[in-house]
Amino acid sequence: MTDSEKPTLLVVDGHSLAYRAFFALPVDNFSTKDGQHTNGIYGFLSMFVNLVKAEQPTHLAVAFDTSRHSFRTDEYPEYKANRSASPAEFTGQIPLLQEALAAMNVTVLTKEGIEADDILATLATEGAAAGYDVLVCSGDRDTIQLVTDDVTLLYPSVQGVSQLKRYTPDAVVEKYGLPPANYPDIAALVGETSDNLPGVPKVGEKTAVKWLNQWGSLDALLENADKITGVVGGNLREHLDDVRRNRSLNALLRDVELPVGPDDLAVQPIDAEAVRDIFARLEFRTLLPRVFDALGGDADEASTAAPTVAAPVAAEVDPAGARAWVDAQEGELALTVTVEGGLPARIGIASLDAAVEAPWSDDIAEALRDWLESDAPKVLTDAKPQVKALRRAGVALGGLSFDPILAGWLVRPSFPDKTLGDLVGRYLDEKLPEADPRQLVPETEGATPGQLGWYALRVTERIREEMPASVAAVLTDIELPTLGALADMELAGVAISHEKLSAFSSELAARADDIATRAYAEIDREVNLGSPKQLQDVLFEQLHLPKTRKTKTGYSTDAAVLADLQESNPHPFLDLLLQHREATKLRQIIESLDVAIGPDGRAHTTYLQTGSQTGRLSSTDPNLQNIPIRNEESHRIRAAFEVGEGYETLLTADYSQIEMRIMAHLSGDEGLIEAFNSGEDLHRFVGSRVFGVAPADVTPAMRTKVKAMSYGLVYGLSAFGLSKQLRIDQSEAKLLMTEYFARFGAVRDYLRESVAQARVDGYTETIFGRRRPFPDLASPNRVLRENAERAALNAPIQGSAADIMKLGLLHIHDQLITDGLRSRVLLQIHDELVVEVAPGEGDAVESIVRQRMGDAAELSVPLDVQIGRGANWDVAGH
DNA sequence: TCTGATACGTA
DNA sequence: CGTACGTATCAGAC
């Protein structure tokens, strides 16, 4: 083997280099939205990637310190004792950095009681002996001693971590005047301030080198210390022990026992998906391609890149051909319907081997109807719009067996994988061919419907591999059937009276104008009342009101703050501002509803099935899940939601206190279970227990307090938050919590236990097995960790409620169809459904709704369903 | 034209 | 220092 063919081993001191990066890069530019600092991680990885690309090592490892404690501190407790503790902002980055390196399949080494440099020394020594060219990268000068003909040190220069100086034996001699092996002797004499190792006073590098050259070795020098003249000679004689101690401590261990040797450190292909995951969490974008560039496609590794198989060319078929092709297939197929103007345009069908496609037509609909409507398993990517298009074309799709978008969301609810392209990137590490929309004559052809199906099937295989059984059950039993119900609800829409809305809108506009005029009079000028910035100027500069809660850009002017101000420093402007806000907000909502009314007189919302991290739906365009209900004018808005033509009435049904019922079920708290079984009003019951009075003697104030407490529990409320909410002393809030938990102790036990379990598992689970990961429960960043704890507390409760509502919804939807009723579900608002009832079906529908919602889950407390009917939503609601 | 911050509507 | 969402508006960056 010639020199040029020798393998190259690169070993890196992760700790010291990340630490340098931490101080070199501004924290402000390197923080995630959640507040996690990433400057050390970014700086290290950036340097690391450049290094790997430049040096092309065949073998690779990164070592870290475990703690400040090591065998050196055992020997000499003052070792490094002068160093201030690493800032928590730095130490918190280390686990994430290690996670990123693990995702890159870079070996990370640590050993209790051993410093990173000792690990480097050991690997360098073993590597050189085994015939490697060794590169050591460290920010600790002690590693100079490792340099030999086979070992080169890469040391960050003062300019920054990106500039590395190469120390070969010649370079060391040039800089220090002595060979690398003597460097620790110099350091022992001079001392190392940063390690709290004092040397001989007045002795610097020059003197040390002179002495060592003169006497040939440190031992010889120390033996002849009495022959050195002058003040420095005296200093040396007084500090002989210090020098010996320094020399003993700065010698790096070369025989640390490690679980791996150099041969085990061959560069591995990176785990592309894991790297994407962690980089997404760290919000690194530009670094991602650099990592793939440096570590991604190593041509020497045969197994590195999964061979990219070209998608089959989809054969264009006629209706008979399509039918014949489908009949010849076995098992699950992918179906892709392209939608134009809400109707099917083309259809593609794929297996893992082949694909066909055709333009949509009545003929193909008839040719394929049996198959489309049958239970034959079909994979559709983002199925809902396609299901809707088919339904508009008179085809009721059956056999939906998988939707990669839904499945990907169930597996990783926090990830923004909204397209097949995202999933192809994540799960296949390939790029879905997409036509560049900016080009009139596309250079790159996009995948055709048939090919999209082929990709969908391959992604499906991969997602199924990593889906736990409980999550797969949620997909099959809840999400896929819900998808069909949602498609019908969106198609149906809800009738809204434009007349009612526009009349109210004009009224509100006039009201807002009037309020604004009066507000301007109060401050003798006109400002934009919708601009928080201008309002700050008015409130705090002009009116000299006391500064309020701080925000990122100044001081808050939100409703709670304004109400507080009005109490402490009454001013007519404040009240007018609040009124103006209310009027304009209502008008906004009305306007957005009005423009959403279609030619059919109905608004068709879109339910985002993957829009939340807990399992809830969300609603957009328009959002029909946040229609006002609290104040007087909101009734007029709800009154505009009317029963449609050809129907008799609207029926609303909502679960009462479903989250507290789930809390009772999950905690098994006997008091809470009794509350729900007693038939007594929940808050009255709880209030009587907490305050030790008869239910009839629970005052409204008591009820308000326990109600806030009960609801707060579900969100991880603190005594501070409770006191703020109820405007009571923190001590009183604390007392309330104590009393509450004294009566309902199992609730507290459950909440504690569920977070502890989530910390162990890394995720929470609903009653039905829906999971939500919480990596931040392990974060050393307190803000991140406590946010995660509250979310983890809430997730199983909110998520179980969402599961139950979905089951109720889809059971009602299905039974209305099987019973041949025309009535239909229109809206879902988390714990409420709105149903449009066909003439004469009222009682049947009410019975179905009550039964199906009530039976959606078998809990240790009953599910109570409140039902109302009326010609509009305001009357039907209660 | 796009994005972040603020404010506010719902469960 | 209370969870989960979507939308409108302003202001500043591009």
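Naming convention: chains lettered A, B, ... in sequence-line order (proteins, then strands); numbering from 1 in each chain.
- Between A/Ile627 atom CD1 and C/dA8 atom P there is a gap of 11 Å when expressed in whole angstrom units.
- Counted by atom type alone, A/Asn787 and A/Glu789 present zero donor-acceptor pairs between their side chains at under 3.5 Å.
- Aromatic ring pairs are classed by plane angle as parallel below 30°, tilted from 30° to 60° and perpendicular above 60°; the pair A/His571 and A/Phe573 is perpendicular.
- Using modelled atom types and a 3.5 Å distance limit, the side chains of A/Ser718 and A/Arg790 yield no donor-acceptor pair.
- Of the candidates B/dA11, C/dT7, C/dC1, the closest approach to any side-chain atom of A/Arg790 belongs to C/dC1.
- Summarising the geometry, the separation between CG on A/Leu574 and C1' on B/dA7 is reported as 16 Å, rounded to the nearest angstrom.
- For A/Tyr715 and A/Tyr711, the ring centers are positioned 6.0 Å apart or more.
- For the pair A/Asn781 (side chain) and A/Leu784 (backbone), a donor-acceptor distance under 3.5 Å is present.
- At distances below 3.5 Å, at least one donor-acceptor pair connects side-chain atoms of A/His604 with backbone N or O atoms of A/Glu490.
- Taken residue by residue, residues 606-617 of chain A places heavy atoms nearer than 4.0 Å to DNA chain C at A/Leu608, A/Gly611, A/Ser612, A/Gln613, A/Thr614, A/Arg616.
- Among the atoms of the strands shown, none is found under 4.0 Å from any heavy atom of A/Arg782.
- A donor-acceptor distance shorter than 3.5 angstrom exists from the side chain of A/Ser568 to the backbone of A/Asp564, with no hydrogens or angles considered.
- Across residues 795-802 of chain A, A/Gln798 each have a non-hydrogen atom less than 4.0 Å from an atom of DNA chain C (numbered order).
- Taking side-chain N and O atoms only, A/Lys552 has a distance below 4.0 Å to OP1 or OP2 of B/dA5.
- Within the 3.5 Å criterion, the main-chain N or O of A/Thr620 finds a donor-acceptor partner in the side chain of A/Thr605.
- Protein atom CZ of A/Arg549 is 9 Å distant from nucleotide atom P of B/dT6, rounded to whole Å.
- How far NZ of A/Lys806 is from CZ of A/Arg770: 4.5 Å, rounded to the nearest 0.5 Å.
- A side-chain donor from one of A/Asn631 and A/Ser634 sits under 3.5 Å from a side-chain acceptor of the other.
- In this structure, CG on A/Leu562 lies 6.0 Å from CG on A/Leu574, to the nearest 0.5 angstrom.
- Within 4.0 Å (heavy atoms only), A/Thr584 reaches no atom of the nucleic acid at all.
- Checked by atom type, the side-chain pair A/Asp621/A/Thr606 shows no donor-acceptor distance below 3.5 Å.
- At distances below 3.5 Å, not a single donor-acceptor pair connects side-chain atoms of A/Glu526 with backbone N or O atoms of A/Tyr520.
- Remark: the backbone N or O of A/Lys418 is paired with a side-chain donor or acceptor of A/Asp422 at under 3.5 angstrom.
- For the segment residues 825-833 of chain A, the set of residues with a heavy atom within less than 4.0 Å of an atom of DNA chain B comprises A/Ile829, A/His830, A/Asp831, in numerical order.
- With hydrogens and angles ignored, the 3.5 Å screen pairs no side-chain donor or acceptor of A/Arg638 with any backbone N or O of A/Asp874.
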Let me have a per-nucleotide readout for nucleotides 9-14 of chain C, 5' to 3', with B, S or -, counting only protein heavy atoms under 4.0 Å. SSSS--
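- Side-chain N/O atoms of A/Gln625 and A/Ser618 include no donor and acceptor closer than 3.5 Å.
- Interface residues of residues 632-642 of chain A facing DNA chain B, ordered by number: none; criterion, heavy-atom separation under 4.0 Å.
- Distance CD (A/Gln657) to P (B/dA11): 14 Å, rounded to an integer number of Å.
- The phosphate of C/dA4 has neither OP1 nor OP2 within less than 4.0 Å of any side-chain N or O from A/Ser618.
- Residue A/Met709 contributes atom CE, which lies 16 Å from atom C1' of C/dT3 at whole-angstrom precision.
- A/Ile658 has its CD1 atom 11 Å from the C1' atom of B/dA11, to the nearest Å.
- For A/Lys550 and B/dT6, the NZ to P distance is 13 Å, given to the nearest whole Å.
- The aromatic rings of A/Tyr555 and A/Phe540 lie perpendicular to each other, with more than 60° between the two planes, well past the 30° mark.
- Listed for the A/Arg602 side chain is a donor-acceptor partner under 3.5 Å among the backbone atoms of A/Ala492.
- A donor-acceptor contact shorter than 3.5 Å links the side chain of A/Asp403 to the backbone of A/Ala383.
- Phosphate proximity of C/dT7 to A/Ser592: absent, as no side-chain N or O sits under 4.0 Å from OP1 or OP2.
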Intra- and inter-strand pairing of DNA chain C, written as dot-bracket with Watson-Crick and G-U pairs under 3.5 Å and | for the latter, reads ..|||||||||||.
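- Atom pair A/Leu722:CG and C/dC1:P shows a separation of 16 Å (rounding to whole Å applied).
- Backbone-only engagement by A/Ile629 is indicated by non-hydrogen atom pairs under 4.0 Å involving sugar-phosphate atoms exclusively.
- Put simply, A/Arg581 has a side-chain N or O that comes within less than 4.0 Å of OP1 or OP2 on B/dC8.
- A distance-only check finds a donor-acceptor pair linking the side chain of A/Gln609 to the backbone of A/Glu479 [under 3.5 Å].
- Remark: the A/Asn626 side chain and the B/dG9 base include a donor-acceptor N/O pair separated by less than 3.5 Å.
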